[in-house]
Amino acid sequence: IDAIWDLNKKEILLYQLGLHGAVMGTPFVKIVPDGILNPYTETLYPRLIAIDPEIIRFKTDAMDMSEVESYTIEFMYTHNDQEVRYKEVTRHSRVDDYTFEEGEEAAERDTWIVEEFEQVGGGAWQLIRREEFPYPFPPILHWKNLPSLKSPYGDSEIDDTINLQDKSNFIASNTGKIIKFHAHPEVIGTGFSAANMDRKESAVGTFSAIPNENAKVFTLEMQSDLSSSLKFGEGLRQSIFDISREVDISSMKDNVGALTNFGLHVLYTDALDKNDTKRQLYGDALKELNRRLLVMAGYEKEQSDPGKISWGVPIVENVKEELEADKMALDAGIVDLETITKRYQNRYGVDYETIQANLTNQKRAKAETDTIGADILRRRFNQGQ
């Protein structure tokens with residue numbers, strides 16, 4: 001499993017799948033058997049491809065949306081100045097997909113069939129390849145980014161904010177135009193004509209001399225600093241964050257460093273709840289992907305345990321507050337030292353047994369040092385020093 005993920009550039013692949021889910025609502029990953037070569041051992045491994053959700057659709061059982069009946073990948077490209085439409089259909093195998101010998105009972109197989117079609121220049125679809133995927137699961141896996149109602153597809157995180165984003169862009173554009181057209185104050189003059197004014201160019205602009213002592217010249221400035229427009233734009237921005245269940249850090253007027261762990265968790269409650277939901281959906285999908293890879297590698301059913309997902313801390317925590325709370329729990333006898341120590345294993349990278357061994361060695365070394373020091377002082381005292 002580690003080798004497969006390393007060869008498929010795990011961090012980049014997972015990041016891409018996360019983007020597909022957040023933007024489109026449903027990530028898809030395709031398993032290509034023997035699709036990637038380890039350059040050091042020259043061993044073939046499955047290749048994992050993050051499929052663009054815009055080019056793939058799937059059909060589910062009408063009675064159970066979790067049961068996929070087929071996946072269809074379809075897109076168009078140009079070859080030799082001709083438009084070519086490509087389609088790949090992955091479906092459950094049927095009885096008529098196989099030939100049976102005389103006397104052999106025709107029966108369905110728990111496998112999947114992958115068929116590739118091409119359509120050149122608007123002609124008929126032509127079958128170019130048919131292949132069996134000999135496993136009870138398809139080579140494509142999908143999952144929901146967030147739960148959705150009455151749809152096998154997941155919910156995006158930006159669909160509900162697009163309208164607000166358009167309005168925010170409109171306000172920002174209008175405000176920019178106002179600043180552009182009124183950035184330079186207009187000069188107004190009264191009590192004279194152009195013939196009564198002498199204009200000369202200077203290093204910093206134009207110098208005007210007006211002989212008429214009763215004439216007046218002044219600049220026409222804006223009466224408003226667009227505070228209402230800016231405030232309206234900030235309100236739209238905040239609404240975008242609220243609908244997407246995120247926290248707008250610019251809206252926090254208090255000193256961020258003064259917030260306690262409790263305050264941060266209250267502030268990020270909705271965002272943390274959404275993150276927990278996504279972790280459950282993505283976690284189950286990643287475990288299922290690992291299970292399929294193990295089955296394809298030849299492991300038996302009881303050996304294909306995908307393991308557990310280990311998530312990191314989703315929010316910054318005040319370590320001092322955590323330690324104070326743990327110390328209070330330890331003093332009250334609510335928890336033992338080993339349990340508390342295990343909480344910090346990921347942070348410090350050392351397990352409980354290693355910590356205890358190191359502490360024992362430190363105590364032993366300190367005791368030996370104290371003994372040597374006391375012995376030296378005793379000898380010097382006996383020598384009159």
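Note that these values count all heavy atoms, side chains included, but never hydrogens, waters or copies made by symmetry. Quantities reported herein were computed from a predicted structural model and do not represent experimental measurements.
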Notebook entry, point to check: Does the side chain of P138 reach to within under 4.5 Å of the side chain of F133, using non-hydrogen atoms?
Noted result: no
Checklist line | Beyond-backbone contact of Q126 with F117, side-chain heavy atoms, under 4.5 angstrom | finding: no
Checklist line | side chain to side chain donor-acceptor pair (under 3.5 Å) between T111 and S93, worked out | finding: CA-CA 6 Å; T111 58; S93 62; 3.0 Å; yes
Next item on the list: Give a yes or no on this: more than 12 heavy atoms of other residues, nucleotides or ligands lie within 6.0 Å of atom CD of E83.
Entry: no
Note to self: Minimum heavy-atom separation for L141 and E288, please, with both atom names.
What the structure shows: CD1-CG, 4.0 Å
Note to self: Run the side chain to side chain donor-acceptor pair (under 3.5 Å) test on Y268 and N275 for me, step by step, so that the C-alpha distance in whole Å, both residues' side-chain angles and the decisive distance to 0.1 Å come before the verdict.
What the structure shows: CA-CA 10 Å; Y268 282 85; N275 188 61; over 6 Å; no
Next item on the list: Supply the atom-to-atom distance T277 OG1 to L272 CG, rounded to the nearest 0.5 angstrom.
Entry: 11.0 Å
Next item on the list: Share the residues that join L149 in a hydrophobic cluster, the rule being Ile, Leu, Val, Met, Phe, Trp or Tyr side chains under 4.5 Å apart at the heavy-atom level.
Entry: none
Check: Are K231 and E234 ion-paired here, with the side-chain N under 4.0 Å from a carboxylate O?
Finding: no
Checklist line | Student check: side-chain heavy atoms of I243 and L164 closer than 4.5 Å | finding: yes
Item checked: Beyond-backbone contact of L14 with L286, side-chain heavy atoms, under 4.5 angstrom -> yes
Check: Looking at I140 and T90, what are the two nearest heavy atoms and their distance?
Finding: CD1-OG1, 4.1 Å
Note to self: Which heavy atom of K287 sits nearest to which heavy atom of P306, and what is that distance?
What the structure shows: O-CB, 3.1 Å
Next item on the list: In sequence, state the C-alpha distance, the side-chain angles, and the governing distance for T175 and L230, and then conclude on side-chain contact (heavy atoms from CB on, under 4.5 Å).
Entry: CA-CA 8 Å; T175 304; L230 294 174; 4.2 Å; yes
Next item on the list: For the residue pair Y71 and W112, categorise the inter-ring angle as parallel (less than 30°), tilted (30 to 60°) or perpendicular (more than 60°).
Entry: tilted
Checklist line | Shortest non-hydrogen contact between V23 and S156, atoms and distance | finding: O-OG, 2.9 Å
Checklist line | R129 with E131: basic N within carboxylate O range, under 4.0 Å | finding: yes
Checklist line | N8 side chain to Y45 side chain, donor-acceptor N/O pair below 3.5 angstrom | finding: no
Margin query: Is it the case that over 12 heavy atoms from other parts of the model lie below 6.0 angstrom from the CD atom of E353?
Written below: yes
Notebook entry, point to check: Out of curiosity, does L17 fall in the hydrophobic cluster containing I51 (side-chain heavy atoms, cut-off under 4.5 Å, transitive links)?
Noted result: no
Note to self: Within the 4.5 Å heavy-atom criterion, are R91 and E69 side-chain neighbours or not?
What the structure shows: no
Item checked: Straight-line distance of Q16 CD to I12 CD1, nearest 0.5 Å -> 9.5 Å
Checklist line | Which atom of P27 lies closest to which atom of G21, heavy atoms considered | finding: CG-CA, 3.7 Å
Next item on the list: Answer yes when E157 and K278 have at least one side-chain N-carboxylate O distance shorter than 4.0 Å, and no when they do not.
Entry: yes
Next item on the list: Using a strict 4.0 Å threshold on nitrogen-to-oxygen distance, state whether E115 and R130 make a salt bridge.
Entry: yes
Check: Should the heavy atoms of other residues, nucleotides or ligands under 6.0 Å from CE of M328 be counted, would the total exceed 12?
Finding: no
Item checked: side-chain contact (heavy atoms from CB on, under 4.5 Å) evaluation trace for F137 with M296 -> CA-CA 10 Å; F137 48 79; M296 293 174 61; 4.1 Å; yes
Notebook entry, point to check: Are side-chain N/O atoms of Y86 and E74 paired as donor and acceptor at under 3.5 Å?
Noted result: no
Notebook entry, point to check: Does the side chain of L226 come within less than 4.5 Å of I178's, by heavy atoms?
Noted result: yes
Notebook entry, point to check: So how far is it from E54 CD to R57 CZ, rounded to the nearest 0.5 Å?
Noted result: 8.0 Å
Notebook entry, point to check: Between I1 and L294, is a side-chain contact (heavy atoms from CB on, under 4.5 Å) present by the stated rule, with each step listed?
Noted result: CA-CA 7 Å; I1 291 297; L294 288 170; 3.8 Å; yes
Margin query: Once rounded to the nearest 0.5 Å, what's the spacing between atom CZ of R237 and atom CD of Q165?
Written below: 9.5 Å
Notebook entry, point to check: How many angstroms lie between atom CD1 of I31 and atom CG of L289, to the nearest 0.5 angstrom?
Noted result: 5.0 Å
Checklist line | Exam field: side chain T161 to backbone I158, donor-acceptor pair closer than 3.5 Å | finding: yes
Next item on the list: Grab the two heavy atoms, one from I56 and one from D52, that are nearest each other, plus how far apart they are.
Entry: CG2-O, 3.7 Å
Next item on the list: Answer yes or no: does atom OH of Y153 have more than 12 heavy-atom neighbours from other residues, nucleotides or ligands under 6.0 Å?
Entry: yes
Note to self: In the structure I gave you, are the side-chain heavy atoms of K87 and T72 within less than 4.5 Å of one another anywhere?
What the structure shows: yes
Next item on the list: List the steps, then state whether side-chain contact (heavy atoms from CB on, under 4.5 Å) holds for D110 with Y135.
Entry: CA-CA 7 Å; D110 193 10; Y135 300 99; over 6 Å; no
Next item on the list: Would you check if the distance from the ring center of H20 to the ring center of F28 is below 6.0 Å?
Entry: no
Check: Is V247 close to F241 at the side-chain level, that is, under 4.5 Å between some pair of heavy atoms?
Finding: no
Next item on the list: With rounding to the nearest 0.5 Å, note down the distance linking CG in D242 to CG in D160.
Entry: 13.0 Å
Next item on the list: May I ask you to say whether K30 pairs ionically with E88, meaning some side-chain N is under 4.0 Å from a carboxylate O?
Entry: yes
Note to self: With a 4.5 Å cut-off on side-chain heavy-atom distances among I, L, V, M, F, W and Y, is there a chain of contacts connecting L48 to I73?
What the structure shows: no
Margin query: Can you tell whether the side chains of K274 and D270 come within less than 4.0 Å, N to carboxylate O?
Written below: no
Note to self: Any carboxylate oxygen within less than 4.0 angstrom of a Lys/Arg side-chain nitrogen, looking at D284 and R279?
What the structure shows: no
Checklist line | Y77 and F75 aromatic ring geometry - parallel, tilted or perpendicular at 30°/60° bounds | finding: tilted
Next item on the list: Decide, yes or no, whether a salt bridge links K144 with D155 under the criterion of side-chain N to carboxylate O below 4.0 Å.
Entry: no
